[in-house]
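Before any comments, here is the structure.
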Amino acid sequence: MTGKREDYITWDEYFMGVAVLSGKRSKDPSTQVGACIVSQDNKILSMGYNGFPLGCSDDEFPWGRENEAEDPYNVKYFYSTHSELNAILNYRGGSLEGSKLYVTLFPCNECAKAIIQSGIKTIVYGSDKYAGTPAVNASKRMLNAAGVRYYQYQPSGRKIEIEV
Ligand SMILES: O=c1[nH]c(=O)n([C@H]2C[C@H](O)[C@@H](COP(=O)(O)O)O2)cc1CO
Ligand SMILES: [Zn+2]
């Protein structure tokens, strides 16, 4: 017996927790997504959340999603950068080869391309609320073909509270 504390959080709880916390920075009123990229030896390399690119003000660009077919110019989809892409682009350290991505929502087809090309080899995702849509089907098709492993985060049931 060393007296070691035993109720410390697991690596998965830690990194998914960081992804969830990152998503709390999102200004999207309907879906907040967070991502955390981790090296093979469990070091955090980068983080991201869905938001507009630098210089594109949250107070000037539209956050709504209504009337996309009639007026896509005034809807968020042309402008929001996905959390996974932001996490990849936020990394300034070199290569992401062999790394692992924790993300609160299953990546879309566009993010799948960036994930594959950046060398990320494993995805741990939270929600799969858009499962079965063409974008997610296409994403899974590419990830399967490229040999990127993915599995859903299994909640421990433990509530992690953060007080600052
Ligand atoms: O993988 C993703 N990553 C990601 O960051 N997003 C972002 C883009 C949008 O801001 C929001 C999706 O909005 P909505 O659920 O209202 O369609 O989530 C959406 C996806 C789609 O799977
Ligand atoms: Zn995406």
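Both ligands and their constituent atoms are indexed starting at 1 by order of listing. What you are looking at is a predicted structure, and each value in this text was computed from that prediction instead of being measured.
Excluding waters, the count of protein N/O/S atoms less than 2.8 Å from the Zn ion (ligand 2) comes to 3.
Within 4.0 Å of ligand 1, protein heavy atoms belong to Asp28, Ser30, Thr31, Val33, Asn50, Arg65, Lys76, Tyr77, Ser80, His82, Ser83, Glu84, Leu105, Phe106, Pro107, Cys108, Tyr130, listed by chain and number.
Between Glu68 and Phe78, the closest side-chain pair of non-hydrogen atoms is not below 4.5 Å. At a threshold of 4.5 Å between non-hydrogen side-chain atoms, the residues Arg65 and Tyr77 count as touching. Contact annotation: the side chain of Tyr79 approaches that of Tyr73 to within less than 4.5 Å [non-hydrogen atoms, C-beta and beyond]. In this structure, the side chains of Arg158 and Glu13 come closer than 4.5 Å at one or more pairs of heavy atoms.
Interatomic distance, CG of Asn50 versus NZ of Lys76, reported as 7.5 Å (0.5 Å rounding). To the nearest 0.5 Å, atom OG1 of residue Thr104 and atom NZ of residue Lys129 are 9.0 Å apart.
Under the 4.5 angstrom side-chain criterion for Ile, Leu, Val, Met, Phe, Trp and Tyr, the cluster partners of Leu85 are Leu89. Members clustered with Val18: Ile9, Trp11, Tyr14, Phe15, Met16, Val38, Ile44, Met47, Tyr102, Val124, Tyr151, Tyr153, Ile160, by chain and number, using a 4.5 Å side-chain heavy-atom cutoff among hydrophobic residues.
Tyr150 and Phe106 have perpendicular rings, their planes meeting at more than 60° on a 0 to 90° scale where under 30° would count as parallel.
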